[in-house]
Amino acid sequence: MVDKQWLVLATRNRGKTKEIRESLKDFPVDIKNLDDFGPIPEIEEDGTTFDENAFKKASFTARILGIPAMGDDSGLKVAALNGAPGVYSARYAGENASDQENNTKLLREMEGVEDRSAAFICLISIAVPCGIALTYEGGCEGMISTTPAGKNGFGYDPVFYYPSLGKTFAQLSSEEKNLISHRGRALAEVKQEFDKVLTWIRRHL
Ligand code: ITT
């Protein structure tokens with residue numbers, strides 16, 4: 001039997017954790033998350049790009065815990081809002097804002113706006129304890145709905161409408177969402193070269 005590689009998810013977001021675990025369930029990797037370890041210092045997300053923040057989350061966590069880590073920095077870019085909320089998606093309605101507060105603010109900003117096109121972006125960084133990392137990216141285009149719909153997922157899922165399925169992301173199961181979402185697409189890139197990723201990790205441990 002092949003030994004599973006430990007990989008810690010550098011996130012406290014349960015929705016992301018669920019989707020990443022689901023996506024990698026058939027791969028030889030034992031996925032931990034930050035809750036499996038004692039308290040560790042907060043990761044500073046002060047980068048100006050998704051790329052920078054994903055790298056910060058992964059490399060900081062890998063260095064602190066001494067275990068390979070995966071960071072996900074993601075968010076929603078709305079064309080009519082000049083790309084907002086972007087890297088500030090988690091705190092659009094303020095520091096520690098709830099998903100519902102963020103959605104309410106977004107729908108308010110979008111009241112009466114005709115161009116409702118938007119895209120989710122996800123940057124995945126896989127880092128080893130010495131601090132270096134591999135990066136993967138995925139995106140998904142959709143529209144901002146006028147009212148929330150659906151109970152699944154997290155974040156902006158209830159207001160992100162995916163036209164070709166005629167549903168919001170919150171109306172999809174995590175398996176269905178992973179097939180088309182920004183995170184699912186970034187993870188598909190990881191999975192496509194999973195053997196190489198494992199070799200790279202082991203070479204740098
Ligand atoms: P960690 O930093 O602990 O991973 P976070 O929620 O703060 O968790 P981000 O800084 O990457 O993560 O912010 C991402 C925000 O973008 C997230 O809180 C959601 O509001 C939104 N988002 C990202 N991916 C999403 C998805 O698949 N569905 C809905 N909203 C999403």
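Both ligands and their constituent atoms are indexed starting at 1 by order of listing. All heavy atoms count here, side chains included; hydrogens, waters and symmetry mates do not.
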Residue part near ligand 1, for Phe120, under 4.0 Å between non-hydrogen atoms =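 Contact part for Phe120 vs ligand 1: side chain (C-beta onward).
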
**Prompt:** If we only count heavy atoms from C-beta on, is the Asp46 to Lys56 side-chain gap below 4.5 Å?
**Reply:**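 Yes, close enough: below the 4.5 Å cut-off.
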
| request: Report yes if some heavy atom in the side chain of Val29 is under 4.5 Å from a heavy atom in the side chain of Met70; otherwise report no. | output: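 The answer is no, as the side chains (C-beta and beyond) never meet within the 4.5 Å cut-off.
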
Can you pull out the closest protein heavy atom to [atom]? Residue, atom name and distance to 0.1 Å, please.
| atom | result |
| --- | --- |
| atom 10 (O) of ligand 1 | Glu45 OE1, 2.8 Å |
| atom 20 (O) of ligand 1 | Tyr156 CE1, 3.2 Å |
| atom 24 (N) of ligand 1 | Arg183 NH2, 3.0 Å |

Worksheet entry | Shortest heavy-atom approach to atom 14 (C) of ligand 1 - which of Ala90, Ser89, Ser74 |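 Among Ala90, Ser89, Ser74, the closest heavy atom to atom 14 (C) of ligand 1 belongs to Ser74.
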
Q) Any idea which of Glu19, Lys16, Arg12, Lys177 brings a heavy atom closest to atom 26 (C) of ligand 1? A)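 It is Lys177 that holds the nearest heavy atom.
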
- prompt: For ligand 1, is there an atom lying under 4.0 Å from some heavy atom of Arg91?
  reply: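 Judged by the 4.0 Å heavy-atom criterion, Arg91 does not count as contacting ligand 1.
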
Ligand-residue contact atoms, ligand 1 with [X], heavy atoms, under 4.0 Å:
| X | answer |
| --- | --- |
| Asp73 | 9 (P), 10 (O), 11 (O) |
| Asp72 | 4 (O), 11 (O) |
| Thr11 | 1 (P), 3 (O), 4 (O), 8 (O) |

[X] side-chain N/O to [Y] backbone N/O, donor-acceptor pair under 3.5 Å:
| X | Y | answer |
| --- | --- | --- |
| Tyr162 | Leu172 | no |
| Thr168 | Ala149 | yes |
| Glu19 | Lys16 | no |

With respect to Tyr136, which candidate in Lys191, Glu193, Glu189 satisfies the side chain to side chain donor-acceptor pair (under 3.5 Å) definition?
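In the set Lys191, Glu193, Glu189, the residue that makes a side chain to side chain donor-acceptor pair (under 3.5 Å) with Tyr136 is Glu193.
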
Got a sec, which hydrophobics cluster with Phe55, joining ILVMFWY side chains under 4.5 Å apart, including via others?
->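 Grouped by the 4.5 Å side-chain rule, Phe55 forms a cluster of one, so the answer is none.
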
Ligand 1 to Asp99 polar contact by distance, N or O atoms, under 3.5 Å:
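The answer is no, given that Asp99 and ligand 1 share no N or O pair closer than 3.5 Å.
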
Q: List for me each residue that meets side-chain hydrogen bond (donor to acceptor under 3.5 Å, both in side chains) alongside Asn53, sequence neighbours excluded, and say none if there are none.
A: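 For Asn53 there are no side-chain hydrogen bond (donor to acceptor under 3.5 Å, both in side chains) partners, ignoring immediate neighbours.
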
